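Here the structure is laid out as C-alpha cells; the discussion comes afterwards.
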Amino acid sequence: MHATDGTICNVCMNSIGESVLVDISIIVCTYNRAHSLANTLSSLAEAIRKVPYIEVEVVLVNNNSTDDTQNAIESWAAQMEFHVQLIQERQPGLSNARNAGVAASMGELLVFTDDDCTLNDDFLSRMLAHYEKDIEPTIRGGRVELGDPSDQPFSILLRDHIVRMTDLTSPGGFIIGANMTMKRDVLSILGPFDIRFGAGAVFMAGEDTDFIYRAHRAGLPVEYVPDMIVKHFHGRKDRSTINSLNYGYTIAEGALYAKHIRDGKLLKHFYWNCRTWLRTLGTKENVYDINIGATYTTLIWNNLKGMLMFCVNTIGPAKR
C-alpha cells in the first residue's frame, strides 16, 4: 500500500519475496519480556490500524532473550496484516539492538519505543502531522506517562507544551528513548547509537542522552511535543528498585561527561551540580529528587565514578 499524500516510500521484501512499501518503521528491542510484551504489541497494532493510508512496518529485535520471547513475537507477527521483521541480535545491549533494528528497517520515519511501553492509538497520526511541517531532519519525542499508577513516578516525562532544545549543557531527560522518533536522515548524519551506553551495556543508561547531545551539537532540531503519548509500565513498586535504576543513570551521566569532555559544554552542567552540592552540603536542600530521596552528594560521587569508569574502560570503539 502506498501513502496517498504522495510520500515516496522505501521498499523492502517480505518473507515470501513480495515488495513492501514502507513509510514508518517502529523499532522495538526486547529482552526477556515475554510475559508483558503482548500489551506493547497490541498497542502497536492499534496505532497502525488508525493510519491505513500509510504503510508501516514493525521491526522486533530480540536481544538474546532466554525466555519465551521469540515464540511470543513469532506468534504475534504471523497474525498481523502489516509487515513485521523479526531480528535476532546476539550482542547484548540496547544500543546494539537498536543499531540492528535501524539496519534492517526501511522506513523514512523511525519510531523507537520500549518493550514495557504502549503507544496511544493516535500516536502515529499525531506524529505524522508534526513531521509534515519539517524542512530539515529532526528528532522528536513526546510525553511518557506512568502506565500503572502503583508504579513509582520515575522514567516519565510530563511537559504539557512544545519545546525545542536550545541548551547543550543539560540534554538528559529532554526526550526519553521510550518515545523517540526521527527522520532516517538523522542517523545518516550522526551515525549509530554508542554501544557502550544503554541497558545491558557497560554503562546501563544514557544512549538516548548521548544521541540527543550529538544531534543538537550537529545543529539538528530536537523537539518535545506533548500529544505523542506513550505509557510506561516499568513495574518498579518500591524506592529501592528506583534507587538501583537511578544509580545506573548517574553513572552513565558521568561517563557522558567524560566522553564529551573536549567540547566542555556538557561539563557546565556538572559544574553547576557541584556548586549546588557544596552549597547544600549537610542541609535538607541537598536532595535533588524528592520522589526517590536522591541527594547531590550521591549524584556527584556517582558522576565521578562514571567518569573514571569511562576513562579506564576499553570495551567497544567510540561512536562519534
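Along the sequence shown, the residues carry numbers beginning at 1. Computed over heavy atoms, backbone and side chain alike; hydrogens, waters and symmetry mates excluded. Computed from a prediction, not measured in an experiment: that's the story for all the values here.
Geometrically, Arg159 engages Phe174 in a cation-pi contact, judged by NZ or CZ lying under 6.0 Å from the ring centre and within 45° of the ring axis. Cation-pi geometry between Arg196 and Phe310 is not met: the NZ or CZ atom fails to fall both under 6.0 Å from the ring centre and inside 45° of the normal.
Ring planes of Trp301 and Trp277: perpendicular class, angle over 60° (limits at 30 and 60°).
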With ring-ring contact (aromatic ring centres under 6.0 Å, His included) as the test, would you mind laying out the steps for Phe211 and Phe112 before giving the verdict? CA-CA 13 Å; Phe211 197 83; Phe112 296 92; 7.8 Å; no

Pair Leu60, Thr30 - check side-chain contact (heavy atoms from CB on, under 4.5 Å), show working. CA-CA 7 Å; Leu60 298 175; Thr30 186; 5.8 Å; no

So Arg90 and Asn64, side-chain contact (heavy atoms from CB on, under 4.5 Å) or not? Walk me through it. CA-CA 5 Å; Arg90 298 297 185 187; Asn64 215 21; 3.1 Å; yes

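A donor atom on one side chain and an acceptor atom on the other are not found under 3.5 Å apart for Ser36 and Asp116. When only modelled atom types and interatomic distance are considered, Thr276 and Tyr288 share no side-chain donor-acceptor pair under 3.5 Å. Remark: the His130 side chain and the Asp227 side chain contain an N/O donor-acceptor pair separated by less than 3.5 Å. For the residue pair Thr280 and Thr283, no side-chain donor N or O sits within less than 3.5 Å of a side-chain acceptor on the partner.
Note on Lys183 versus Asp134: no salt bridge recorded, every NZ/NE/NH1/NH2 to OD/OE distance being 4.0 Å or above. For Asp148 and Lys237, the salt-bridge test passes: some basic side-chain N is under 4.0 Å from an acidic carboxylate O. A salt bridge links Lys259 with Asp194: the closest approach of a Lys/Arg side-chain nitrogen to an acidic carboxylate oxygen falls below 4.0 angstrom. Using a cut-off of 4.0 Å between Lys/Arg side-chain N and Asp/Glu carboxylate O, Glu108 and Arg184 are scored as not salt-bridged.
A centroid separation of less than 6.0 Å is found between the aromatic rings of Phe154 and Tyr249.
When atom types are taken as modelled, the side chain of Asn96 and the backbone of Ile195 share no donor-acceptor pair closer than 3.5 angstrom.
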